[in-house]
Amino acid sequence: MKGPLGFNTDDLLQETLAMQRKLLEGFKMLPGVEDVDYGVTERREVWSDGKVKLYRFIGSGEPSRQPPLLIVYALVNRPYMVDLQDGRSLVQKLLELGQDVYVLDWGYPDRSERFLTLEDYLLRYIDGAVDHLRALDDDAPVNLLGICQGGVFSLCYATLRPHKVRNLVTMVTPVDFQTPDNMLSNWARKVDVDLFVDTLGNIPADLMNASYLMLKPFRLNVQKYVGLLDILDDKTALEDFLRMEKWIFDSPDLAGEAFREFIKQFYQQNGLMKGTVHIGEEPVDLARLTLPVLNIYAEQDHLVPPDASRAMADRVGSKDYTELGFRGGHIGIYVSGRAQREVPAAIHNWLQPRSR
């Protein structure tokens, strides 16, 4: 008979013994778990500017004849979440479909990059990489795939330099930075960002990671490590867990001035919604963005809520605007099994008729 808590002493004993067996197996296996890394696909550096490098991914076959696809990632994490491991790689799937895939690697800013601005990131680094790719094909425009903050950068860049971009794909990209369900926005809007940057200079990666973890403190600081006990005797699952943890905590510091501008213009002023964003001296008016846009959002995203991304539809001037929602969270949308089956194919199928 079960007690008032829904279990009896025999159930508790069996659960305890099973956990002990799992722990013992885990302790035996742990010495054999090697250091894990991410980035499964061969890549080759093709252009650089200081610490910023442009890599071309090398697939097993030649890409189809179409514009190169440049991936622009956020500044806060390393870009190889899009190429995490064999079988969980957005890049791998896009290469298999015939795309010619490149990625910008922002590197690790140090004190010498303290005064880099958004103008540097968009109109020096992204523009330099795009010009390099265009020079390979008689100055033909390229396809852009911007992810998270990199999607915001790509959206602004394509608005400012539309003749250099043929098609724009954005993933988990906010446009309305002040939706009611955006916890990160509620925090960022109350920060004295001038005092913050003037005091710290570059923003430490550990501080940013702690902020993201506190958005879901129980899930991200307790629950996932309790769940680790369930996979402690499964080497493959354990390596997957460690690979994700390594990526999460391998984060660059953020250039102080660019951080100041981003928080002020996008979070605090909600500039994309109000039309007040400036990159250097150039205004960003999304109504002037008329090239084809595919906007992909995650339906369970706690960092970029769906409404924050869907706001793009009413702001861009494109008559060829497509919006796709996929089940998953901010990271799961490009590493989960479902995402691997659905997202790369959706991107490829949308680009194909627009890239000829």
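Throughout, residue positions are numbered sequentially from 1 according to the sequence presented. Values below: every heavy atom of this structure, side chains too, minus hydrogens, waters and symmetry copies.
Scanning both residues, Thr41 and Ile58, for their nearest heavy atoms gives CG2-O, 3.7 Å. Of all heavy-atom pairs spanning Ala205 and Ser251, the tightest one is CB-O, 3.1 Å. Across all non-hydrogen atoms, the minimal contact from Leu133 to Pro68 is CB-CG, 4.1 Å. Here the closest non-hydrogen pair linking Gln340 and Gly87 is CG-O, 3.6 Å. Here the closest heavy-atom approach between residue Cys148 and residue Pro174 is recorded as O-CD, 4.1 Å. Annotation for Tyr121 and Pro109: closest pair OH-CG, 4.1 Å, computed over non-hydrogen atoms.
With hydrogens and angles disregarded, a donor-acceptor distance shorter than 3.5 Å links the side chain of Thr117 to the backbone of Glu119. Under the 3.5 Å distance criterion, the side-chain polar atoms of Gln149 are left unmatched by any main-chain donor or acceptor of Tyr73. With hydrogens and angles ignored, the 3.5 Å screen pairs a side-chain donor or acceptor of Asn202 with a backbone N or O of Gly256. Of the possible donor and acceptor atoms, none in the side chain of Glu257 sits under 3.5 Å from a partner among the backbone N and O of Arg114. Under a 3.5 Å cut-off, the side chain of Ser355 and the backbone N or O of Leu351 do form a donor-acceptor pair. Between the Asp49 side chain and the Val52 main chain, no donor and acceptor come within less than 3.5 Å of each other. The backbone N or O of Ala140 lies less than 3.5 Å from no partner atom in the side chain of Asp137, so there is not a single donor-acceptor pair.
Atom CD of Glu45 sits in a crowded spot, with more than 12 heavy atoms from other residues, nucleotides or ligands closer than 6.0 Å.
A donor-acceptor pair shorter than 3.5 Å cannot be found between the side chains of Gln92 and Asp83. Counting only N and O atoms by type, the side chains of Asp120 and Tyr125 include no donor and acceptor under 3.5 Å apart. In the model, Asn295 has no side-chain atom that pairs as donor or acceptor with a side-chain atom of Thr173 under 3.5 Å. Tyr321 and Glu323 share a side-chain donor-acceptor pair at under 3.5 Å. Side-chain contact annotation: Asp253 with Tyr108, donor-acceptor N/O pair under 3.5 Å absent.
Inter-residue side-chain proximity for Leu155 and Leu272 is flagged as met; some heavy-atom pair is nearer than 4.5 Å. Ser154 places none of its side-chain heavy atoms less than 4.5 Å from the side chain of Leu145. Looking at Ile71 and Ile147, their side chains come closer than 4.5 Å, going by heavy atoms from C-beta outward. Contact annotation: the side chain of Asn186 never approaches that of Asn182 to less than 4.5 Å [non-hydrogen atoms, C-beta and beyond]. Between Leu54 and Val103, the closest side-chain pair of non-hydrogen atoms is not below 4.5 Å. The shortest distance between side-chain heavy atoms of Tyr102 and Leu69 does not fall below 4.5 Å. Tyr157 places a side-chain heavy atom less than 4.5 Å from the side chain of Val130. Within the 4.5 Å cutoff, the side chain of Phe196 has heavy atoms near those of the Leu207 side chain.
Atoms CG and CG, from Asp127 and Leu123 in turn, are 6.0 Å apart once rounded to the nearest 0.5 Å. Here the straight-line distance linking atom CG of Leu324 with atom CH2 of Trp350 works out to 10.0 Å at 0.5 Å rounding. One distance of note links CG of Leu289 with OG1 of Thr159; it measures 4.0 Å at 0.5 Å rounding. Rounded to the nearest 0.5 angstrom, Met81 CE and Ile333 CD1 are separated by 13.0 Å. Distance check: Ile263 CD1 to Ser185 OG gives 9.0 Å after rounding to the nearest 0.5 Å. Between atom CG of residue Leu95 and atom CD of residue Glu42 there is a gap of 10.5 Å, rounded to the nearest 0.5 Å.
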For this session: With side chain to side chain contact (heavy atoms under 4.5 Å, CB included) as the test, would you mind laying out the steps for Leu70 and Asn143 before giving the verdict?
Result: CA-CA 6 Å; Leu70 173 58; Asn143 292 331; over 6 Å; no

Carefully, step by step, assess Asn77 and Trp106 under the rule side chain to side chain contact (heavy atoms under 4.5 Å, CB included). CA-CA 9 Å; Asn77 283 115; Trp106 302 116; over 6 Å; no

Checking salt bridge (charged side-chain N to carboxylate O under 4.0 Å, His left out) for the pair Asp176/Arg315: CA distance, chi angles, key distance, verdict? CA-CA 10 Å; Asp176 185 350; Arg315 289 298 179 272; over 6 Å; no

Pair Arg56, Val101 - check side chain to side chain contact (heavy atoms under 4.5 Å, CB included), show working. CA-CA 6 Å; Arg56 185 187 188 191; Val101 186; over 6 Å; no

Item to complete: Could you check Tyr297 against Glu299 for side chain to side chain contact (heavy atoms under 4.5 Å, CB included), going step by step and ending with a plain yes or no?
Response: CA-CA 6 Å; Tyr297 63 90; Glu299 294 173 353; 4.1 Å; yes

For Asp110 and Lys51, what are the C-alpha separation, side-chain angles and deciding distance, and is it a salt bridge (charged side-chain N to carboxylate O under 4.0 Å, His left out)? CA-CA 10 Å; Asp110 58 27; Lys51 291 186 176 69; 3.1 Å; yes

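Of the residues Asn167, Leu168, Asp320, the one that meets the side chain to side chain contact (heavy atoms under 4.5 Å, CB included) test with Leu291 is Leu168. When each of Lys93, Gln99, Gln66 is checked for a side-chain hydrogen bond (donor to acceptor under 3.5 Å, both in side chains) with His348, only Gln99 meets the rule.
Evaluation of the side chain to side chain donor-acceptor pair (under 3.5 Å) rule for Asp307 yields Arg310 as partners, not counting sequence neighbours.
A cation-pi contact, defined as under 6.0 Å to the ring centre and within 45° of the axis, links Arg43 to Tyr55.
Two different hydrophobic clusters hold Leu200 and Phe115 under the rule that ILVMFWY side chains link at heavy-atom gaps under 4.5 Å. One hydrophobic cluster holds both Phe153 and Trp47 under the rule that ILVMFWY side chains link at heavy-atom gaps under 4.5 Å. In terms of hydrophobic clustering, with Ile, Leu, Val, Met, Phe, Trp and Tyr side chains grouped at heavy-atom distances under 4.5 Å, Tyr267 and Met273 are assigned to a common cluster.
The pair Asp139-Lys164 does not meet the salt-bridge criterion, since no charged nitrogen lies less than 4.0 angstrom from a carboxylate oxygen.
Note: Phe57 and Tyr80 have perpendicular aromatic rings, judged against thresholds of 30 and 60 degrees for the angle between ring planes. Between Phe266 and Phe177, the angle of the ring planes lies from 30° to 60°, which puts this pair in the tilted group.
Evaluation of the side chain to side chain donor-acceptor pair (under 3.5 Å) test over residues 280-293, restricted to residues two or more places apart or in two chains, returns Arg161-Glu282.
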